[in-house]
Asker: 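There's a structure below that I have some questions on.
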Protein chains: 2
Amino acid sequence: MPWRDGAGAPWLHGKFKGCGYRMTMPRQIILDVLSGTADHLSAEDVYHKVHNAYPSIGLTTVYRTLELLVHIGLIYKFDFGDGRSRYELAEGSKSDRHHHHLVCTGCGRIIDYTDFIDEEIELLKKTEKGLSEKYNFKITNHLIQFYGLCDRCQNK
Amino acid sequence: MPWRDGAGAPWLHGKFKGCGYRMTMPRQIILDVLSGTADHLSAEDVYHKVHNAYPSIGLTTVYRTLELLVHIGLIYKFDFGDGRSRYELAEGSKSDRHHHHLVCTGCGRIIDYTDFIDEEIELLKKTEKGLSEKYNFKITNHLIQFYGLCDRCQNK
DNA sequence: TCTTTTTTGAAAATGATTTTCATTTTCATT
DNA sequence: AATGAAAATGAAAATCATTTTCAAAAAAGA
């Protein structure tokens, strides 16, 4: 699954070239890193992980690549309120189900949940449709997060 | 409603003192500014508006006061993805209904909507309950936002 | 291979937010 | 009203994530 041969997922080449971008080594490795974790990595997290396989990479390139991947739609960018953006693979790339986030305001822990997702999605669809019509807004995305304290943080 | 006499809303004094804080002039004026607008002001927006009534105020104090007000629960802090935090009065202070946000990724415009809110709230309650039990999470807050293009931005 | 365009990395710049610290203000007590 | 301790303030400096600049390196096409 992580395509360690250095070629990257073949179907991605097409996605990149189709958009006029080149599939380069840094881009492949950054995608590999994101594919190989279930965490919500920050740009610097990615930078450190990438560094192992490709020590010469610069933080700048990581930022640029992440921005590009968000633009192409291969990854999502999130803000969980700790001052740095977090990234995760968009579903479809991996066998990853659509989920939302539970954010602990105590320790910053993030829990992905898929419970109730179907109902949420259904309501979201309905809401999107209604809002699109009323406000003439072309909705492309949504964000749902719950904030609170995780079990550990509740006990001081 | 904006208590222009400089005393601030009387019931707020209690809220502040109850938490061990003092109700000062800068704090009153910052609250007045937030009460007097329907916009989603950034810290610097607040700073500029406050400056009229209280020219000696510093940006630092604005930041500190906003943080305090968030902590007390009088205002909410939002991130709409443009790199600066935005603040708005929590409902209850004003005759303000609970609402969610529609964010235009083209121009940054924010639309508050209350449509479908009742259904959303109902589902959120149910979801919160379920998630709280399953993950032993004490949920205090939620965030729902839709992203897309507003009517103006759709036409280039 | 040669040429053009894209991508890269290091260093510098940016910009929002936070910290530091000396001064001023508040408020419970004289 | 005066006093003194605790809290709040403001200016300047510090932080820190992210962006920009720019010259060199890598990729795609001829």
Side-chain angles (χ1 to χ4, degrees), chain A residues 6-8 12-31 33 40-51 53-72 74-75 77-87 108, chain B residues 6-8 10 12-31 33 40-48 50-51 53-72 74-75 77-87 108:
Chain A
L12 288 180
H13 271 276
K15 181 121 192 170
F16 268 75
K17 300 184 71 170
C19 298
Y21 301 111
R22 296 173 180 173
M23 176 53 95
T24 66
M25 187 68 69
R27 287 172 180 175
Q28 284 170 31
I29 297 181
I30 289 173
L31 263 171
V33 162
H40 307 81
L41 303 178
S42 68
E44 199 159 354
D45 292 337
V46 173
Y47 171 71
H48 286 308
K49 292 208 174 220
V50 165
H51 214 263
Y54 195 99
S56 72
I57 201 167
L59 183 54
T60 310
T61 297
V62 172
Y63 272 105
R64 274 191 293 231
T65 302
L66 290 171
E67 181 190 24
L68 176 65
L69 294 174
V70 168
H71 182 243
I72 291 181
L74 284 177
I75 65 176
K77 180 179 187 176
F78 288 98
D79 175 276
F80 295 129
D82 68 339
R84 57 183 62 194
S85 296
R86 308 261 164 191
Y87 301 85
Chain B
L12 288 180
H13 272 275
K15 180 118 194 173
F16 268 76
K17 300 185 73 171
C19 298
Y21 301 110
R22 296 174 179 173
M23 175 54 94
T24 64
M25 186 69 69
R27 287 172 179 175
Q28 284 170 29
I29 296 181
I30 289 173
L31 263 171
V33 162
H40 308 81
L41 303 179
S42 68
E44 199 158 355
D45 291 338
V46 172
Y47 171 70
H48 286 308
V50 164
H51 214 265
Y54 196 100
S56 72
I57 201 167
L59 183 55
T60 310
T61 297
V62 172
Y63 271 105
R64 274 191 293 232
T65 302
L66 290 172
E67 182 190 25
L68 176 64
L69 294 174
V70 169
H71 182 243
I72 291 181
L74 284 178
I75 64 176
K77 180 180 187 177
F78 289 98
D79 175 277
F80 295 129
D82 68 338
R84 56 182 62 193
S85 296
R86 307 262 163 190
Y87 302 85

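Just so we're clear, the structure is a prediction, and the values are computed from it rather than from any experiment. Letters A, B, ... are given to chains in the order of the sequence lines, protein chains preceding strands, and every chain is numbered from 1.
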Asker: To the nearest 0.5 Å, what is the distance between CE (A:Met23) and CD (A:Gln28)?
Answerer: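 If I round to the nearest 0.5 Å, the distance is 5.5 Å.
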Asker: Measure the NZ-CZ distance between A:Lys77 and A:Arg86 for me, rounded to the nearest 0.5 Å.
Answerer: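 If we round to the nearest 0.5 Å, A:Lys77:NZ and A:Arg86:CZ are 13.0 Å apart.
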Asker: Provide, to the nearest angstrom, the distance between the NE2 atom belonging to B:His13 and the P atom belonging to C:dT26.
Answerer: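 Result: 11 Å.
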Asker: Rounded to the Å, how far apart are B:Phe78 CZ and C:dT17 P?
Answerer: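 That distance rounds to 15 Å.
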Asker: To the nearest Å, give me how far apart CG (B:Leu41) and P (C:dT17) are.
Answerer: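 Whole-Å distance recorded here is 13 Å.
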Asker: Between atom OG1 of A:Thr65 and atom CD1 of A:Ile29, what is the distance when rounded to the nearest 0.5 Å?
Answerer: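 Going from OG1 on A:Thr65 over to CD1 on A:Ile29, the span is 10.5 Å.
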Asker: Got a minute to check which stems DNA chain C is part of, using Watson-Crick or G-U wobble pairs under 3.5 Å, three or more consecutive?
Answerer: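 Stems found: C:1-30 with D:1-30.
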Asker: Aromatic ring centroids of A:Phe78 and A:His40 under 6.0 Å?
Answerer: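 No: the rings miss the under 6.0 Å criterion.
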Asker: The side chain of B:Arg22 lies closest to which of these nucleotides: C:dT6, D:dA7, C:dA28?
Answerer: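 Looking only at side-chain atoms, B:Arg22 lies closest to D:dA7.
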Asker: Please state how far atom OH in B:Tyr47 lies from atom P in C:dT17, giving the value in whole angstrom units.
Answerer: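 Distance check: B:Tyr47 OH to C:dT17 P gives 15 Å.
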Asker: Please tabulate the protein-to-nucleotide N/O contacts below 3.5 Å involving nucleotides 15-19 of chain D, giving atom names and distances.
Answerer:
unit_1	atom_1	unit_2	atom_2	d
D:dA17	OP1	A:Arg84	NH2	2.4
D:dT18	OP1	A:Ser85	N	2.9
D:dT18	OP1	A:Ser85	OG	3.3
D:dT18	OP2	A:Tyr63	OH	2.5
D:dT18	O5'	A:Tyr63	OH	3.4

Asker: Verify the contact: side-chain N or O of B:Lys17 to OP1 or OP2 of C:dA28, cut-off strictly under 4.0 Å; return yes or no.
Answerer: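 It does, given that an N or O in the side chain of B:Lys17 lies less than 4.0 Å from OP1 or OP2 of C:dA28.
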Asker: Among C:dG9, D:dG10, D:dA8, which nucleotide sits nearest the side chain of A:Ile57?
Answerer: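 Closest nucleotide among those given: C:dG9.
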Asker: Whole angstroms only, please: what is the CZ-C1' distance between B:Arg64 and D:dA7?
Answerer: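 To the nearest whole Å, that distance equals 11 Å.
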Asker: For A:Asp82 and C:dA16, what is the distance between atoms CG and C1' respectively, to the nearest whole Å?
Answerer: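 Checked: the CG to C1' distance equals 15 Å.
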Asker: More 5' along DNA chain C: B:Thr24 or A:Tyr54, using each one's nearest nucleotide?
Answerer: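 Its nearest nucleotide being more 5', the pick is A:Tyr54.
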Asker: Can you tell me how far the CG atom of A:Leu66 sits from the CG atom of A:Leu74, to the nearest 0.5 Å?
Answerer: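 These two atoms lie 11.5 Å from each other.
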Asker: Distance from A:Phe16 atom CZ to A:Ile72 atom CD1, nearest 0.5 Å?
Answerer: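 Separation between the atoms: 4.0 Å.
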Asker: State the CD1-OG1 distance between A:Ile30 and A:Thr24, to the nearest 0.5 angstrom.
Answerer: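 It comes to 8.0 Å.
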